[in-house]
Amino acid sequence: MKLHILPLFAAGLLATAVAVSCSQDPAWTDASASQVNKYSFFHSSRSFSFTDAQPLQEVKVTLMRGTSVGDAKVAVKLLNDTLKSTSLSDPHVHFANGSTTAEYVVKVNPALISAGKYAVDTLVLDSANVSVGGHAQLLLQIEHKK
């Protein structure tokens, strides 16, 4: 009778060891459940220029996120220079399910930038939403060429 208990006891120990080792292995965790969206601008600065013959109505910038799971949105703020020549098309950047990048449109009013002048504005993400290696700010420089 004792011989029948020994294999059951050994199987129980093996099952416990496997269960413990699996629960501590990060490969067994559900990455989509624990992944936190972190965002970043693709560039830390961008420069654009325009002439009177081809005025600049908008500029597009790219943002990235740390996962492609689900739809998401992140708030963006604009710190205008004194010219107030740019504005946001939407206060949020929207990420589609399955995508790690999103394009964002900043509206430009070229009439507010006189010939030979620059407009320097900054797009800002809340620092709590930014990845460790990411950019919390994007400097926009717009030049009105003569």
Exercise. What distance separates S44 OG from H135 NE2, expressed to the nearest 0.5 Å?
Worked result: 4.5 Å

Problem set entry | Euclidean distance, L123 CG relative to L79 CG, rounded to 0.5 Å | 8.5 Å

Exercise. Does the side chain of L140 reach to within under 4.5 Å of the side chain of F48, using non-hydrogen atoms?
Worked result: yes

For this session: Evaluate side-chain contact (heavy atoms from CB on, under 4.5 Å) for H43 paired with L138, printing each intermediate quantity in order.
Result: CA-CA 7 Å; H43 299 94; L138 169 61; 4.2 Å; yes

For this session: Kindly give the heavy-atom pair with the smallest separation between E58 and V105, and that separation in Å.
Result: OE1-CG1, 3.5 Å

Problem set entry | Rounded distance (nearest 0.5 Å) linking atom OG of S49 with atom CD of Q54 | 9.5 Å

Exercise. Can you check whether V74 reaches L125 side chain to side chain, under 4.5 Å on heavy atoms?
Worked result: yes

Seminar exercise, completed: Closest non-hydrogen atoms of L83 and L112, given as atom of the first, atom of the second and distance, are O-CD1, 3.8 Å

Exercise. Between N109 and S87, does any side-chain donor sit less than 3.5 Å from a side-chain acceptor?
Worked result: no

Exercise. Does one hydrophobic cluster hold both L63 and V59, with members joined at side-chain heavy-atom distances below 4.5 Å?
Worked result: yes

Problem set entry | Close side-chain approach of L88 to Y104, heavy-atom, < 4.5 Å | yes

Problem set entry | Any side-chain heavy-atom pair of Q57 and P110 under 4.5 Å | yes

Exercise. Do the side chains of F50 and I113 get nearer than 4.5 Å, heavy atoms only?
Worked result: yes

For this session: Quick one: closest heavy-atom pair of A72 and R65, and the distance?
Result: CB-NH1, 3.2 Å

For this session: Let me know which of Q141, K146, K145 forms a side-chain contact (heavy atoms from CB on, under 4.5 Å) with E143.
Result: K145

Problem set entry | Within-4.5 Å side-chain heavy-atom neighbours: D121 and V106 | no

For this session: Could you tell me whether a side-chain N or O of D71 sits under 3.5 Å from a main-chain N or O of H94, the two making a donor and an acceptor?
Result: no

Exercise. So E103 and T62, side-chain contact (heavy atoms from CB on, under 4.5 Å) or not? Walk me through it.
Worked result: CA-CA 5 Å; E103 260 193 351; T62 303; 4.2 Å; yes

Problem set entry | F42, CZ: over 12 other non-hydrogen atoms inside 6.0 angstrom | no

Exercise. Below 4.5 Å, heavy atoms only, C-beta onward: do T122 and L78 meet side chain to side chain?
Worked result: no

Exercise. Got Y118 and I142 here, is their nearest side-chain heavy-atom distance under 4.5 Å?
Worked result: no

Problem set entry | OG on S89 to NZ on K60, rounded to 0.5 Å | 10.0 Å

Exercise. Is the backbone N or O of G134 less than 3.5 Å from a side-chain atom of S131, with the two atoms forming a donor-acceptor pair by type?
Worked result: yes

Exercise. OG/S127 to CD/Q137 distance, rounded to the nearest 0.5 angstrom?
Worked result: 10.0 Å

Exercise. Under 3.5 Å, side chain of N97 to main-chain N/O of V69, donor-acceptor pair present?
Worked result: no

